[in-house]
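Everything on this sheet refers to the single structure shown next.
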There are 2 protein chains.
Amino acid sequence: MTVKLSDIADQAGVSVMTVSNVMNGKHARVSKATIDRVLEIAERLGYVPNIPARSLAASRSHIVAALVPVGEEGSLLFSPHTVAVIGGVERHLRHRGYHVLLRGIERDDEIAQTIRGWSLDGAILVEFTDAQIDRIRIDGVPLVAIDSYSANPRTIGVRTDDHRGGWLAGACLAEAGHRRVMFAGPPYEGMGVVGQRWDGFRAACVAAGVDASKIVREEVLTSFEDGRALGLRLLRDHPDVTAVFATADVLAVGIMAGVAEAGGSVPGDLSVIGFDALDISGYTTPGLTTVAQDMDAKVAEVARIILDEIERGEGPRAPVSLGVRLIERGSVAAPRR
Amino acid sequence: MTVKLSDIADQAGVSVMTVSNVMNGKHARVSKATIDRVLEIAERLGYVPNIPARSLAASRSHIVAALVPVGEEGSLLFSPHTVAVIGGVERHLRHRGYHVLLRGIERDDEIAQTIRGWSLDGAILVEFTDAQIDRIRIDGVPLVAIDSYSANPRTIGVRTDDHRGGWLAGACLAEAGHRRVMFAGPPYEGMGVVGQRWDGFRAACVAAGVDASKIVREEVLTSFEDGRALGLRLLRDHPDVTAVFATADVLAVGIMAGVAEAGGSVPGDLSVIGFDALDISGYTTPGLTTVAQDMDAKVAEVARIILDEIERGEGPRAPVSLGVRLIERGSVAAPRR
DNA sequence: GTGAAAGCGCTAACAT
DNA sequence: ATGTTAGCGCTTTCAC
């Protein structure tokens with residue numbers, strides 16, 4: 001029923017190994033004539049390689065896993081950003097003959113189990129906390145951690161230049177003339193993403209002459225609802241604040257909605273700047289000014305690193321930071337007087 | 001290095017087959033004492049089954065693929081809806097010992113190749129057009145097509161009750177008193193999703209006494225920008241229209257933005273109703289009234305069908321439609337006078 | 001209830 | 001440039 005290497009070998013009058021070599025592009029070892037003949041027969045017979053067999057024999061699978069932590073609820077519900085990363089990486093890998101296994105991780109040890117059980121060639125760790133990445137003890141397989149600031153030498157971090165992103169946001173507000181600003185984001189997680197953005201933001205503000213001690217920090221969860229709640233009370237509770245930097249677009253959009261609901265106007269009463277440049281940042285009125293990362297570059301980088309490690313075995317290297325840029329829409333203006 | 005069945009067998013003083021049976025829960029064939037002993041040793045040794053080996057020997061993989069078409073760009077960039085489906089199904093399958101392979105499809109024949117090459121146990125087809133589903137000629141593997149109205153007997157359709165969703169939207173507008181309404185959606189694709197929504201919508205309107213010939217149909221792509229463009233000219237071009245049903249939330253949100261930009265108000269000058277109940281429908285001011293589908297039920301149903309087919313071999317059955325309900329927020333009100 | 005034999009389809013490591 | 005030998009770790013089949 002199913003066509004295998006030996007079928008082709010029989011018809012071509014060569015050994016199975018020769019066919020295998022042809023199929024795997026080890027053309028150095030086979031004559032041109034044989035290659036052509038084998039290829040032609042394979043094509044005619046409709047040969048499809050058996051992946052499990054190849055994985056078993058070679059103890060490598062051509063599979064890279066996308067590992068995502070699952071919470072109590074259990075469902076993988078990744079952010080738009082994660083979707084873009086996984087979707088983009090899948091394309092690069094597919095074009096190079098690799099496949100992507102999607103796997104939710106409930107307990108730490110499932111990472112190692114998955115890698116061993118599948119003879120995975122590599123794994124991408126998405127949305128894990130730095131603490132989780134720190135705990136990883138797996139060697140021999142390239143592990144790329146997205147948006148992580150863990151110092152774990154067994155993983156390679158690929159992330160946005162969050163510090164510079166924060167700086168851009170701060171500089172944008174300061175340049176517009178704001179001197180009383182707010183930083184709204186989730187609670188600090190060590191020197192992770194949020195910490196970097198905060199540092200960069202503060203540095204830019206200070207460099208522009210803002211009194212650092214006057215920067216208001218609000219801890220809010222990264223959700224529309226929490227942003228809205230903040231927006232509703234912001235103008236009343238902080239009458240001196242004229243601009244806010246939210247560490248995520250959803251949050252910023254929520255703040256804008258809350259401010260509007262409370263009768264305020266953006267950017268009339270309050271300037272708002274976000275981070276991520278999600279679709280939604282273009283859906284508001286006015287559009288949300290935000291810090292964007294170059295997703296194409298990020299995705300290409302992740303794929304490149306994994307592939308290089310797998311095929312050329314180039315050892316782990318320093319974390320990679322990707323550039324950011326400011327997208328100016330309409331939510332930032334001069335402070336009210 | 002790696003622990004295998006034979007290692008456990010050695011230590012337990014039984015044959016490999018017995019260990020295999022224990023591991024696969026074929027407890028009928030093994031004595032309780034042996035089961036316990038084997039399990040204990042496996043645990044102690046840290047046994048992890050080798051998936052490729054099992055797939056090769058059993059010619060079934062415990063893998064279900066999530067197949068997604070890729071366009072020219074090449075990247076998998078699925079909608080929030082697709083993300084929810086895949087993420088949710090992954091959880092159900094994982095808990096039953098299955099895995100999800102994520103695969104972009106460029107050409108039709110890649111579907112069959114992927115299924116054969118991996119000995120896939122099943123596949124879920126996401127975001128394919130009805131025409132693509134129609135063309136599928138694969139037997140022996142459960143194929144679940146999401147949101148498809150194809151009549152291909154080799155696939156099982158799982159979809160939203162779009163007709164009823166359209167009806168709910170129409171009834172909602174008619175009940176609020178609207179008699180001049182617009183239907184905005186992408187070009188008709190046979191009797192697919194859009195056609196169903198249109199049919200249901202029109203039927204509800206007519207049932208409520210709306211003159212069917214007066215229902216305006218606008219063909220727009222499902223994007224914020226196209227919605228916005230429509231919103232910008234809507235009040236001017238169609239001064240008699242007092243309400244619009246958009247077949248997708250992004251579109252509805254775009255329309256709301258366009259209307260606002262043109263100086264109109266929602267729902268003062270125009271009522272708007274969407275479809276999908278995406279997050280963004282809650283982000284607007286006022287909130288978007290929209291038709292929601294029960295995603296949890298949908299995901300559970302997809303998983304159930306695949307698993308039933310795989311494990312009990314229950315043949316293909318009729319398509320499954322899942323319920324919808326209206327979510328009333330603030331974008332629908334009585335027509336202006 | 002348990003086990004021995006045979007092989008799934010492929011590749012690594014040598015031959016030749 | 002091509003072939004041979006030996007598995008990879010597991011399950012199937014059938015015997016005990």
Side-chain angles (χ1 to χ4, degrees), chain A residues 1-39 41-42 45-63 97 99 113 115-121, chain B residues 1-39 41-42 45-63 97 99 113 115-121:
Chain A
M1 166 64 228
T2 127
V3 182
K4 45 192 154 189
L5 288 188
S6 60
D7 296 329
I8 302 176
D10 288 350
Q11 291 220 13
V14 296
S15 79
V16 174
M17 249 344 272
T18 301
V19 180
S20 170
N21 282 331
V22 172
M23 287 312 181
N24 292 324
K26 305 220 194 300
H27 290 183
R29 311 177 156 282
V30 192
S31 76
K32 180 82 171 67
T34 313
I35 292 178
D36 291 344
R37 191 153 33 96
V38 165
L39 249 25
I41 296 176
L45 261 37
Y47 172 72
V48 178
N50 181 311
I51 313 232
R54 178 218 258 159
S55 301
L56 178 59
S59 52
R60 48 169 304 213
S61 58
H62 286 86
I63 302 177
H99 295 92
Q113 284 182 12
I115 291 175
R116 285 175 47 201
W118 286 84
S119 312
L120 288 185
D121 286 357
Chain B
M1 164 65 225
T2 124
V3 184
K4 44 192 157 188
L5 289 188
S6 59
D7 296 329
I8 301 176
D10 289 350
Q11 290 220 12
V14 295
S15 79
V16 174
M17 256 335 284
T18 301
V19 180
S20 170
N21 282 336
V22 171
M23 287 311 180
N24 293 338
K26 303 217 195 299
H27 290 185
R29 311 176 155 283
V30 192
S31 75
K32 180 82 171 67
T34 313
I35 292 177
D36 291 344
R37 190 153 33 94
V38 166
L39 251 23
I41 296 175
L45 261 37
Y47 172 72
V48 179
N50 181 310
I51 313 234
R54 180 218 258 159
S55 300
L56 177 58
S59 51
R60 48 169 303 210
S61 58
H62 287 88
I63 302 177
H99 296 93
Q113 286 183 12
I115 291 176
R116 284 175 49 200
W118 286 85
S119 313
L120 289 184
D121 286 357

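Letters go in sequence order (proteins before strands), and every chain restarts at 1. Both backbone and side-chain heavy atoms feed into the values below; hydrogens, waters and symmetry mates do not.
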For this session: Mind running a 4.0 Å heavy-atom check of residues 47-57 of chain B against DNA chain C and sending the residues that fall below it, in number order?
Result: B:L56, B:A57
Exercise. Counting any heavy atom closer than 4.0 Å, what does B:S59 reach on the DNA or RNA strands: base, sugar-phosphate only, or nothing?
Worked result: nothing
Exercise. Between A:T34 and D:dA1, does any side-chain N or O lie under 4.0 Å from OP1 or OP2?
Worked result: no
Exercise. Could you state the CZ-P distance from A:R116 to D:dC8, rounded to the nearest angstrom?
Worked result: 16 Å
Exercise. Sequence neighbours excluded, which residues qualify as side chain to side chain donor-acceptor pair (under 3.5 Å) partners of B:D10?
Worked result: none
Exercise. Hey, does A:V16 reach any base, or is it just sugar-phosphate, or nothing, if we go heavy atoms under 4.0 Å?
Worked result: base
For this session: Check whether any side-chain heavy atom of B:L45 lies under 4.5 Å from a side-chain heavy atom of B:Q11, and answer yes or no.
Result: yes
Exercise. Atom NZ in A:K4, atom OH in A:Y47: separation rounded to 0.5 Å?
Worked result: 11.0 Å
For this session: Could you tell me whether the phosphate oxygens of C:dA4, OP1 or OP2, come under 4.0 Å of any side-chain nitrogen or oxygen in B:S15?
Result: no
Exercise. Between C:dT2 and B:S31, is there an OP1 or OP2 to side-chain N/O distance shorter than 4.0 Å?
Worked result: yes
Exercise. Within the structure shown, what part of the strands sits under 4.0 Å from A:S6 by heavy-atom distance: base, sugar-phosphate, or nothing?
Worked result: nothing
For this session: Check whether any side-chain heavy atom of A:V38 lies under 4.5 Å from a side-chain heavy atom of A:I8, and answer yes or no.
Result: yes
Seminar exercise, completed: Taking C:dC10, D:dC10, D:dT12 as options, the one with an atom nearest any side-chain atom of B:K4 is D:dC10
Exercise. If you take all heavy atoms of A:S20 and A:L5, which pair is closest and at what distance?
Worked result: CB-CD1, 3.8 Å
Exercise. At under 4.0 Å, does any side-chain N or O of A:N24 touch on OP1 or OP2 of C:dT11?
Worked result: yes
For this session: Verify the contact: side-chain N or O of A:S20 to OP1 or OP2 of C:dT11, cut-off strictly under 4.0 Å; return yes or no.
Result: yes
Seminar exercise, completed: Separation between CD1 (B:I51) and CD1 (A:I63), nearest 0.5 Å, reads 9.0 Å
Problem set entry | Residue A:A58, side-chain atoms from C-beta onward, closest of C:dA5, D:dT2, C:dT11 | C:dT11
Exercise. When the C1' atoms of the five terminal pairs at each end define the local axes, what inter-axis angle does the helix from C:dG1-D:dC16 to C:dT16-D:dA1 show, to 10 degrees?
Worked result: 30°
